[in-house]
Structure formats: C-alpha cells, structure tokens
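Structure, as structure tokens:
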Number of protein chains: 2
Amino acid sequence: MKKTGRRNSGRPTITDVARLAGVAAITVSRALRDPSLVSVELRRQIEAAVAELGYEPNVNARALASSRADVIAVLVPSLTNIVFADFISGVYKALRGNPLQIQIGNTHYSPREEERLVAMFLGQRPSGLIVSGIDQSKATLKRLQTAGCPVVQVMEYADEPVDMLVGFSHFEGGKAATRHLVEAGYRRIGFIGARMDPRSQRRLAGYRLALEEAGLFDPALVVTTPTPSSVPLGGELLCQAMAKTPALDAVFCNNDDLALGVLFEAQRQAIRVPQALGICGFNDLDLMGVAHPRLTSVRTPRFETGHRAVQMVLRRLQGGAEEARCVDLGFQLQVRDSTMRDAP
Amino acid sequence: MKKTGRRNSGRPTITDVARLAGVAAITVSRALRDPSLVSVELRRQIEAAVAELGYEPNVNARALASSRADVIAVLVPSLTNIVFADFISGVYKALRGNPLQIQIGNTHYSPREEERLVAMFLGQRPSGLIVSGIDQSKATLKRLQTAGCPVVQVMEYADEPVDMLVGFSHFEGGKAATRHLVEAGYRRIGFIGARMDPRSQRRLAGYRLALEEAGLFDPALVVTTPTPSSVPLGGELLCQAMAKTPALDAVFCNNDDLALGVLFEAQRQAIRVPQALGICGFNDLDLMGVAHPRLTSVRTPRFETGHRAVQMVLRRLQGGAEEARCVDLGFQLQVRDSTMRDAP
DNA sequence: CGCGGTCATGATAGCGCTACCTTAGTGCAA
DNA sequence: TTGCACTAAGGTAGCGCTATCATGACCGCG
C-alpha cells in the first residue's frame, strides 16, 4: 500500500518491517541498533518481521541519516607485500564479532593517491581511520587533523602522531641488524634495498649509523633500486653489490624477499653462507626459520600492529579511558645460521 | 543562510556549491557526473566553486538517491594468500582511472561468512560483484542470481556460472603437473596439500586421475591437512609423507609455499633434488624460477584473472556487446630443475 | 510567423534511515 | 489527588543527493 514510489528499489525497507510488525519505523530502527531500547514483546515481533521479509538495512541511508558510517577505513601502500597483508589480518582479527566493517584502500606507495583516498574515505565519515606510516603529505595531514574520527598511524614509531600511533622504529631495527653483523665479525657489510619507501630509508639510516659507529661505512656498500621488491631482485642486487665491492662479506637486506633471493644466488655461485657471506633479512617471515641455512632476520610485529590499532580505535569510540597515544611494539632480532660465521 | 539545519554536517554540500556558482543544485550534480550535459560557462563556474569550497561529494547520499553505489565489491577467501593479493592487483590495475571504488571482503574460507558478506555488499547496491570460486552455498547462489548487478565468479573454470566467470581449471592443472612427474620417470609420487579448500580438492582430483591412468595411484601417497598453508608446513608434511611412504620419489605440492618448504627440508636431510626427490609446486610465484635448484610449478593467471573480471563488469555496465560469459585463461606448466631427473 | 523539436537549466519530490522532540503511560512522593 | 521524573513509543523533519518532469530559449522550416 505504499505510495507506488516509482523510484523505490523493490527491496524491503524499514517501513515495510514496521508495518508488518505493527509498529513505527523508528521503533524498528531502535530495535535493530540497540534492542535494549525496545520492549521484549515488540522486539520479538520486529525480529519476526525482519526474518519474514529478509530485510537488510540500507547502509547508505543509515550513514546519510546518522552522518556516521559503521566502517573503519584502512589505508595501506600495497596488498601484495605480505607485511601489509599480515597487518590487515590483525585488523580483521580485532574486529571479529563487531558490526564495524573494514574498508581497505591501496595507495600504491603514492602520496597523491593517499591524499585522494583520505579525502574520499573521510567523505564517508568513517568510525575510524588507520593509515600506514607517518610520511603523509601536508594536505593529507591537515585532513587527518580535522578528520572527526579516531586516526591511527601504523607501522612506524614517532613521538608526535596526528592522533594515535602504533608500530616500531625501522631506524632502530636497521641499526640492530647491522650491529649484529658487525659483532658477528663481518667487515664489508652491504645494504640491499628495493622500492626504498620511507620505512626502507629509515632502515638504511639505521644501517648507516651502525656502520659509521664501527668505522666501517662505505657508500659503495649500498645498493638500492626504486623497483618493487621481489625474490629474483635480491639475486640481481647481490650481483650488483659484488661487482661494486668484490670483498663484500655480508648483506643486510631491506626485507626477507631480497634476503631469500640473495641466498639462492649465493648457492648458485657456490658462495658459502654464512662463512663467506652473511645474510640478514627484515620482517622475519616464517620461511626464514626453515630456509637452508636458516636465515637471520628482524622480527616485526605486523599482525600485532593491526590488532592493536583497531583496539585503539574501538576504545576511543567507546569513550573508554585514554590509553597511551603512542605504542611501540618493538622488534626482535632473530639470529640464525646465516650470520653465524664462526659456528662449528 | 541555510535553514540552520541543526543536523547538517558542517561540510559543504552540493547546495553550497550551487549557491556560490549561481546555479541550481541539480546542475552541479550534472556537471560533476557528466560535464557534457552542462554549458562550458556554467561548468567553469561550478568547478571554481567546488575548488573554493573544497567540496567533496557525499557518496552515501549519492548512493541512496541513485540506488547505485560506485563500487565494485570483491570477495576473496584470504588476503595473506599471495594468490589473491595478485588477483586483487589485477583488479586495481583494470580499474585505474575509473571513478569506481573497490570494496574488498574477506570470507576467511567460510561459506557462512561469504553469505553474510554477499548479503551486506548487495545491500549497498554495488555496480558489480566479484566472488572467488564456484562453491557458494545455496543461499548465496540465490542472492547472486538476483543481485541486480554484474556478477563474476573467478579463479575457477566451470560451464554454468551464475552470471560470468573467468579463471582456469584446477583439476586440469593438477593433472598436467602429475602427468609431467610421471613422464619425468618418477613412480612414487606424493601429494602434499594444506587447507584443502575446493580448489585444492580439485587439484587433488586431477593428481589422482593422472596417477590412476598411469596405474600408480596409492592412497598412502596423499598427505593433507586442513591447516592453512605455509612454508614450514611444507617441510612437516614431507616428513609425514616419507614416514608413510619411504620410497617416495616425488611430490606434487598443492602450492608453492609448500613446495619451498619441501625443498628446504630435502636440503636439510641431504636428499638430492631432483635425482632422489622431484618437486612440483602450484602457482609459480616468481621465487620458483630463482630457487636453487629452480622449482617446477604450474603458472596460474592470477593477475590476469583480476584484470579480466573487472573488464567484464565494466563492459556489461557500459552495455557493450556481450562477450563470452565464461573465460578460461588456462595455466602453464613451467618445467625446471626440480623435476629434471635425468638432466646431465 | 507559428510549429514541433532540441537543448540547457530548474523545481520538485523522493531515496531509506535516524536525530530530535513530543506524547502517553507508569510509579511514587508529597 | 496532584505533580514530577522516567520510560516506551511515535511523529516529523531532515541527511545530501538525483530521477523525473517542467520550463523556456533557440532553431529550422514550410
């Protein structure tokens, strides 16, 4: 008996449910969002009507009317990079059982794309926003500051986040890995890096500092490329590094893909690992612990970061006690065969 | 001078732009969605007003009014599985420069979760829906049939899709890999599989048929687990398989992670690959071509599948000529060192 | 010079939901 | 009994945008 609305979508609306249950639309709305606001009797009638009609709320109408979408927007620079996939797993885990949805945006490592996505996502008035890194453009930062929702920067550590932050220090990670190589007795320690996004740059800076402290730094030891990282690329970069520095006796790889490629290439050239070449990766994917030889790496809290970031958003939404705005989850150097030069 | 709307969000609306540009709201709407409908002069005024106010359209209001969201929903069972990450890369690539957004849903390999997500996404009236696989629940299939938007099932091949389909045959892939192992001279060929989702099951079926044809099938050769796949797991499953069948002389691995784990474990046990143990993976990640020894695998069109699926949706939306509803992108057996038993 | 046809623009009325305010009913102290 | 606080439910008016129809200007043509 509705107004034959020429435009209506054919799908049952909250009004249809209300009519069937013999209540007002607003009561249905309340029953769906917070059942405690509605008497048990009506609640049951409404639930029955919802089931009978197969009613599904229109999220767009809901978001428009309440100017609040039940969505947490998550911006990552890449989805093929397992680091961010693991991070997103943590996000999903923390959100399980929660009616909030996840909206993933892929910036492809482009600040401009990031700016566009932040503008677009904030236009949807999400319940929370999680962005990767701390190197947003000025325009993006301005938008984040006036986001009107909790904002978490992740996968880095810094003292002055836009709002909240959870991650670890890539600089310290790079430094720790490199110091370990120095202590293991290596002297011509190369750096192999791909893509060289801001996080890679900070790992490189940590590497550099550690080598300078030991009086071992030499620019010729650093081989980088803007190309995205991959296992084959690790082998290629090792060849380049050895061409530049034949005496190379160890490499700190920007990530585990490269480290694995380095290992394969070393095996191909019959270079003995760890005796003639030490290899250290970054992230500590689970394959590092079972490679042959087992590969040293820096374990990073990817999953935990996603999990914690969501928890921080949720706590803020629930108006709970303010916890620390900056959380450093740290990292852990996993020393394995590939850098145990003096092992039996 | 607006009605002091106590509820308005504070953000500029299309009405604000219209007032500043001295036109009606509907004209702004037209200028934004299809500039050719508006005279050059007004268009310029409107663009100026948009820029001055920093106007950003409200996607919820737009979706509500037009009952059509500018979104393509993509459902995958996992994001950490590189196969689906590559697939999504293809989706992004095909959508570059297009105003359509991507909405990713993660089913975690659960038909129930898939059902929930399909219902939710369709409630947003997306412009298209891409779902992984062909093993949806009855309820999900019903919803897909009445989706009201183009639907593409991906990563499998079948004759009767809900709407459109693009992928390849996992059964044929498994068969081809196994036949190759037989032809290479292996006789006790094991199957190692993790997770055992429907696609894995079909690869296993292909393996079984190939071995039966050769008179070599033996249930004791098959080792599977519901556990998610990983590199370490590959090594563990190899150990299990060798315990069950000491004479094992080759393994077809359900995917490349397992194959890599098998290789590492073989190296650890000093089992010579490919002479004493042949290894064949599935998917052909780029590391397979550089491992030492190089690993044989079945190359699958992951990126291409994502790309093509989006193209199919777009073509349908543009009302273009109907192309094939089922597209088989095939696969390619990449024979490498790890199965070249009789190589010099 | 008036007629139908095209084109650019505008006015109006929703899309489906919820914020906000009002109304009716209940219990209880004065 | 009156008055007041409190709860459950409903009425109304938007949220910001677009579908649809209406309007008026302009055009060519018999």
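Order of the sequence lines sets the chain letters (A, B, ...), proteins ahead of strands, with each chain counted from 1.
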Evaluate side chain to side chain contact (heavy atoms under 4.5 Å, CB included) for B:Val131 paired with B:Val152, printing each intermediate quantity in order. CA-CA 6 Å; B:Val131 298; B:Val152 189; over 6 Å; no
How many Å lie between CD on A:Gln124 and P on D:dC17, as a whole number? 13 Å
Among residues 45-57 of chain B, which ones have heavy-atom contacts with DNA chain D below 4.0 Å? B:Tyr55, B:Pro57
According to salt bridge (Lys or Arg N to Asp or Glu O under 4.0 Å), who are the partners of A:Arg308, at least two apart in sequence or on a separate chain? A:Glu323
When the distance from CG of B:Asn58 to C1' of C:dG16 is rounded to whole Å, what number comes out? 14 Å
Using a 6.0 Å cut-off, check whether atom CD of B:Glu41 has over 12 heavy atoms from anything other than its own residue. no
In residues 116-124 of chain A, what donor-acceptor pairs under 3.5 Å come from side-chain atoms, sequence neighbours left out?
residue, atom, partner, partner atom, Å
A:Arg116, NE, A:Glu113, OE1, 3.3
A:Arg116, NH2, A:Glu113, OE2, 3.0

In whole angstrom, what separates B:Asn60's CG from D:dC17's P? 10 Å
What's the shortest heavy-atom distance between B:Leu79 and B:Ala85, and which atoms? O-CB, 4.2 Å
The side chain of A:Ile14 is closest to which nucleotide in this list: D:dA19, C:dT18, C:dC15? C:dT18
Distance, rounded to the nearest Å, where A:Leu37 contributes CG and D:dC6 contributes P: 17 Å
How many whole angstroms separate atom CD of B:Glu41 from atom C1' of C:dC7? 16 Å
So, OP1 or OP2 of D:dA8: does either fall under 4.0 Å of a side-chain N or O from A:Arg43? no
Any donor-acceptor N/O pair under 3.5 Å between D:dG10 base and A:Arg30 side chain: yes
More than 12 heavy atoms of other residues, nucleotides or ligands under 6.0 Å from CD of B:Glu160: is that the case? no
So, does A:Ser39 get its side chain near the phosphate of D:dA9, meaning an N or O under 4.0 Å from OP1 or OP2? yes
Will you find, in the side chains of A:Gln103 and B:Gln101, an N or O donor that is under 3.5 Å from an N or O acceptor? no
How would you list, by chain and number, every residue that makes a side chain to side chain donor-acceptor pair (under 3.5 Å) with B:Glu115, sequence neighbours excluded? B:Ser137
Using heavy atoms and a sub-4.0 Å distance, could you list which residues of residues 20-27 of chain B are near DNA chain D? By number, please. B:Ile26
Residue pairs passing the ring pair (Phe, Tyr, Trp, His ring centres under 6.0 Å) test where at least one lies in residues 62-110 of chain B, sequence neighbours excluded: A:Tyr92-B:His108, A:His108-B:Tyr92
Closest of D:dA9, C:dC17, D:dT18 to the B:Arg62 side chain is D:dT18
Interatomic distance where CG belongs to A:Asp70 and P belongs to C:dC17 [whole Å]: 14 Å
When you look at A:Ile102 and A:Ile72, which way does the side chain to side chain contact (heavy atoms under 4.5 Å, CB included) test go after all the steps? CA-CA 5 Å; A:Ile102 299 166; A:Ile72 292 186; 5.5 Å; no
How many Å lie between CG on B:Leu64 and C1' on D:dT18, as a whole number? 10 Å
Tell me the interatomic distance from A:Arg68, atom CZ, to C:dC17, atom C1', rounded to whole angstroms. 16 Å
Quick note, B:Arg33 side chain, CB onward, closest among D:dG16, C:dG16, D:dA19 is D:dA19
Checking D:dG16, C:dT18, D:dA9 against the side chain of A:Ser29 (C-beta onward), the nearest is C:dT18
